[in-house]
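Order of the sequence lines sets the chain letters (A, B, ...), proteins ahead of strands, with each chain counted from 1. All values derive from a computational prediction rather than experimental measurement.
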Amino acid sequence: MYRSHTCGELRPSHIGETVKLAGWVQRSKDLGGLTFVNLRDRYGITQLNFNSEDNAKLTAEANKLGREYVIQVEGEVIERSSKNMKIPTGEIEIRVSKLTVLNASKTPPFTIEDDTDGGEELRAQYRYLDLRRNPVQEKLRLRNKVALETRKYLDSIDFVDVETPMLIKSTPEGARDFVVPSRMNAGQFYALPQSPQTFKQLLMVSGFDRYYQIVKCFRDEDLRADRQPEFTQIDCEMTFVEQDDILNTFEGMIKHLFTEVKGVDLGDKFPRMTYAEAMTRYGSDKPDIRFGMEFVDFNEVTKGRGFGIFDDAEAVIAINAEQCAVYTRKQLDKLTDWVRRPQIGCKGLIYMRCNEDGTFKSSVDKFYSQEDLAKWAEAAKAKPGDLILVLSGGLARVQKQMNELRLHMGDELGLRNPKVFKPLWVVDFPLLEWDEESQRYHAMHHPFTSPKPEDMHLIDTDPGKVRANAYDLAMNGVELGGGSIRIHDRAIQSRMFDLLGFTKEEAEAQFGFLMSAFEYGAPPHGGLAFGLDRLVATMGGSESIRDYIAFPKNNSGRDVMIDAPSPLNEEQFKELNIKLTL
RNA sequence: GGUCUGGUAGUUCAGUUGGUUAGAAUAUCGCCCUGUCACGGCGAGGGUCGCGGGUUCGAGUCCCGUCCAGACCGCCA
């Protein structure tokens, strides 16, 4: 037996007991004759006491221990003469009678402390050491808890966990596939799933009725702080349901998770908003509704005063940053520089201060009288002391830019508290999205999404206007998940492939199996998928998902610990009938 | 594919207008200290200033190229 207790469990009630502990040396302190060693494991830290008056030889051995040595000790639990009330085990310590070094350690490249001195790159390279740190372990335990509660909840309402294959077929729609060469089928490739989409629909055709899976998905696209090439979805699908049934079911799941895992009550009913409304009010399909600062249409109050920038613009949009009239010229210039960065791409930023004395000061006073500006304030419901920020240009572009500015102001003003959680269902997404590059429509969600029946009449005349039975769950400005009611009718599915520019032959080759399945009594069905990594990161109050993944990849899709990807040898290429053209 | 920021001791960083021997903190090692817990005191070792080229009497510092990391845009049904 290596240990009788963990390093987090001994209390004054254990005083007098002889115990055996094992763990890592957090740090040791030689006071000259008296030596303290902090022993750490997953559960906590227990102090070991070595006294040269008791045992000089043992104390000398203890003084040789370095950080991260793995040791085992035996000794008596005693009361500390100076207690540390900051840690749960701080009232006791172990008077050690036997010390065994189980494994020595090199000095780690960074300190294994909650507040480590190591930078990200180094910690990624030594991820197994980084994972010894408490804050990182806690994040993975949070993930474990979320996954466990997800299973409990879905299992309790009759969802069945079914595994789907990882080696599947490459399809043209959507993200780039990761591909895997097939040795037994020379010149042919599997693709790793971007999601189990078609399989879960086939399971509905099979009559499973309620399916879920916590499953890895793969997309070969460029990465971000909240995007990894392999990520995990809570993937779900249900039969004989309408949109409301799905929203209600998974609203229940998210509420369950927040209650059980975070002790947070998300309230009675998640608010719902149409895509169109979200775009008009926030310029985003995943608005952060933790704060207001909603868009105000400024077309009416700005046009026709001879200011060309506004007069010629398709859209003039304002936000009201409350209590920000105190912003100095320097701060406003900095904001202007911020929106002019190429990533945002504004030409400029117009502002208006609402002075405390009721007068207005704008950067376009030349064109607008005090009466004009009073109308601005009225439109934006601005009070003295507020600051109005205005952007103009093409509608879609300004919405996007103003969304960025709004979120930036929210950050600056501390309105985006990571401990506050505001869910929002965004519904009625457009079915299709025009792609300039390929000059054709793309499915906004995916090709199996059903159009709204009441919009079907537009499908030939104005397909871009057709709305879909598609929905997303946004929280705090993050898209946590999304889904749709699927097409279960072969004719409509064919029509959809048509719209997406597939020939009959292509559609047959890519998705023939699905369309065939639809001819054998496919039930109405729909579902959704949550990004587990993002969900857990949001619950943990982080924007980066990397800390919530045990072994994440870096910006360029590399695992810097195992150094992957890596070249193959000649033999492997030969076996696969692959020649490099590099 | 693009934009921005960074790369200096094991680590985190500073380094002025281009100018003497490149510093601090922390970690490590040694000595002192019997109640530390961010202990303290004294001392020591530790540098390919990412890499390559250029300008210059002289480059950590300026220029060009390149590699790496991070954030973002494009991309991500």
Which one is paired to [N], where only Watson-Crick or G-U wobble pairs with both distances under 3.5 angstrom count?
N	value
B:G45	none
B:A25	B:U11
B:A38	none
B:C4	B:G70
B:G18	none
B:G65	B:C51

For this session: Using a cut-off of 6.0 Å, state whether more than 12 heavy atoms not belonging to A:Glu412 lie near its atom CD.
Result: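 Enclosed: over 12 neighbouring heavy atoms sit under 6.0 Å from CD of A:Glu412.
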Problem set entry | More than 12 heavy atoms from other groups under 6.0 Å of CG on A:Asp115 |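 Check fails, neighbour count at 12 or below.
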Do [X] and [Y] touch side chain to side chain, with heavy atoms closer than 4.5 Å?
X	Y	answer
A:Leu514	A:Gln201	yes
A:Ile15	A:Ile78	no
A:Gln401	A:Arg397	yes

For this session: By nearest nucleotide on RNA chain B, pick out whichever of A:Ile78 and A:Pro109 is the more 5' one.
Result: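 Result of the comparison: A:Pro109.
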Same-atom distance ([atom1]) from [N] to [M], integer angstrom:
N	M	atom1	value
B:A27	B:C13	C1'	14 Å
B:A44	B:G10	C1'	16 Å
B:C49	B:U21	P	15 Å
B:G6	B:G50	C1'	11 Å
B:C33	B:C39	C1'	11 Å
B:C31	B:A25	C1'	22 Å
B:G74	B:U55	P	42 Å
B:G43	B:U26	P	14 Å

Between atom [atom1] in [X] and atom [atom2] in [N], what is the gap in whole Å?
X	N	atom1	atom2	answer
A:Lys106	B:A27	NZ	C1'	16 Å
A:Asp117	B:G10	CG	C1'	9 Å
A:Asp435	B:G74	CG	C1'	12 Å
A:Leu129	B:U11	CG	C1'	13 Å
A:Arg176	B:G74	CZ	C1'	11 Å
A:Arg123	B:U11	CZ	C1'	12 Å
A:Leu122	B:A9	CG	C1'	14 Å
A:Phe110	B:G10	CZ	C1'	12 Å

For this session: Identify, residue by residue, the members of residues 35-58 of chain A with a heavy atom below 4.0 Å from RNA chain B, and return them in order of residue number, or none.
Result: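 Output list: A:Phe36, A:Gln47, A:Asn49, A:Asn51, A:Ser52, A:Glu53.
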Exercise. Does any residue of residues 79-89 of chain A have a heavy atom under 4.0 Å from RNA chain B, and if so, which ones, in number order?
Worked result: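 Those residues whose heavy atoms fall under 4.0 Å from RNA chain B, taken from residues 79-89 of chain A in numerical order, are A:Arg80, A:Ser81, A:Ser82, A:Lys83, A:Asn84, A:Lys86.
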Exercise. For A:Tyr282 and A:Asp288, does a side-chain donor sit closer than 3.5 Å to a side-chain acceptor?
Worked result: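 Side-chain D/A pair, A:Tyr282 to A:Asp288: absent.
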Exercise. So, A:Ser97 and A:Arg95: side-chain donor and acceptor under 3.5 Å apart, yes or no?
Worked result: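 The answer is no; no qualifying pair exists.
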All N/O pairs under 3.5 Å across the protein-nucleotides 69-72 of chain B interface:
from, atom 1, to, atom 2, distance (Å)
B:A69, OP1, A:Asn554, ND2, 2.7
B:A69, OP2, A:Ser556, OG, 3.4
B:G70, OP2, A:Asn555, N, 3.1
B:A71, OP2, A:Arg546, NH2, 3.2
B:A71, OP2, A:Asn555, OD1, 3.0
B:C72, OP2, A:Ala225, N, 3.3
B:C72, O2, A:Gln343, NE2, 3.2

Identify whether any heavy atom of [X] sits under 4.0 Å from a base atom; if not, whether one sits that close to sugar-phosphate; answer base, sugar-phosphate or nothing.
X	answer
A:Pro447	base
A:Asp30	base
A:Glu93	base

Problem set entry | Ring-ring centroid check A:Phe429 A:Tyr471, cutoff 6.0 Å |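 When the ring centroids of A:Phe429 and A:Tyr471 are compared, they turn out to be at least 6.0 Å apart.
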Problem set entry | Plane angle bin for A:Trp434 and A:Tyr441 - parallel if under 30°, tilted between 30 and 60°, otherwise perpendicular |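 If you compare the ring of A:Tyr441 with that of A:Trp434, the planes turn out perpendicular.
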Problem set entry | Parallel, tilted or perpendicular, as decided by the 30° and 60° cut-offs, for the rings of A:Tyr126 and A:Tyr128 |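 Plane angle over 60°, so perpendicular.
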Please list, one pair per line, the donor and acceptor atoms closer than 3.5 Å that link side chains of residues 47-56 of chain A to other protein atoms, with sequence neighbours excluded.
from, atom 1, to, atom 2, distance (Å)
A:Gln47, NE2, A:Glu93, OE1, 2.9
A:Asn49, ND2, A:Glu93, OE2, 3.0
A:Asn51, OD1, A:Glu53, N, 3.0
A:Ser52, OG, A:Gly33, O, 2.9
A:Asn55, OD1, A:Lys57, N, 3.3
A:Asn55, OD1, A:Leu58, N, 3.1

For this session: Answer yes or no for A:Arg340 and A:Trp338: cation-pi contact, defined as NZ/CZ to six-membered ring centre under 6.0 Å and angle to ring axis within 45°.
Result: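 Not satisfied by the 6.0 Å and 45° rule.
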Exercise. B:G30 phosphate, OP1 or OP2: any side-chain N/O from A:Lys64 under 4.0 angstrom?
Worked result: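 For B:G30, neither OP1 nor OP2 has a side-chain N or O of A:Lys64 closer than 4.0 Å.
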Problem set entry | Residues that A:Arg11 engages under side-chain contact (heavy atoms from CB on, under 4.5 Å), provided they are two or more places apart |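 If we apply the side-chain contact (heavy atoms from CB on, under 4.5 Å) test to A:Arg11, skipping adjacent residues, the hits are A:Ser13, A:His14, A:Pro88, A:Thr89.
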For this session: Mark yes or no for a side-chain to base donor-acceptor pair under 3.5 Å between A:Arg227 and B:C76, with no hydrogen or angle criteria applied.
Result: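 Looking at the base of B:C76, it does pair with a donor or acceptor on the side chain of A:Arg227 (distance under 3.5 Å).
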For this session: Scan residues 79-88 of chain A for pairs that pass side chain to side chain donor-acceptor pair (under 3.5 Å), counting only residues two or more places apart or in two chains.
Result: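 Listed once each, the pairs are A:Glu79-A:Lys83.
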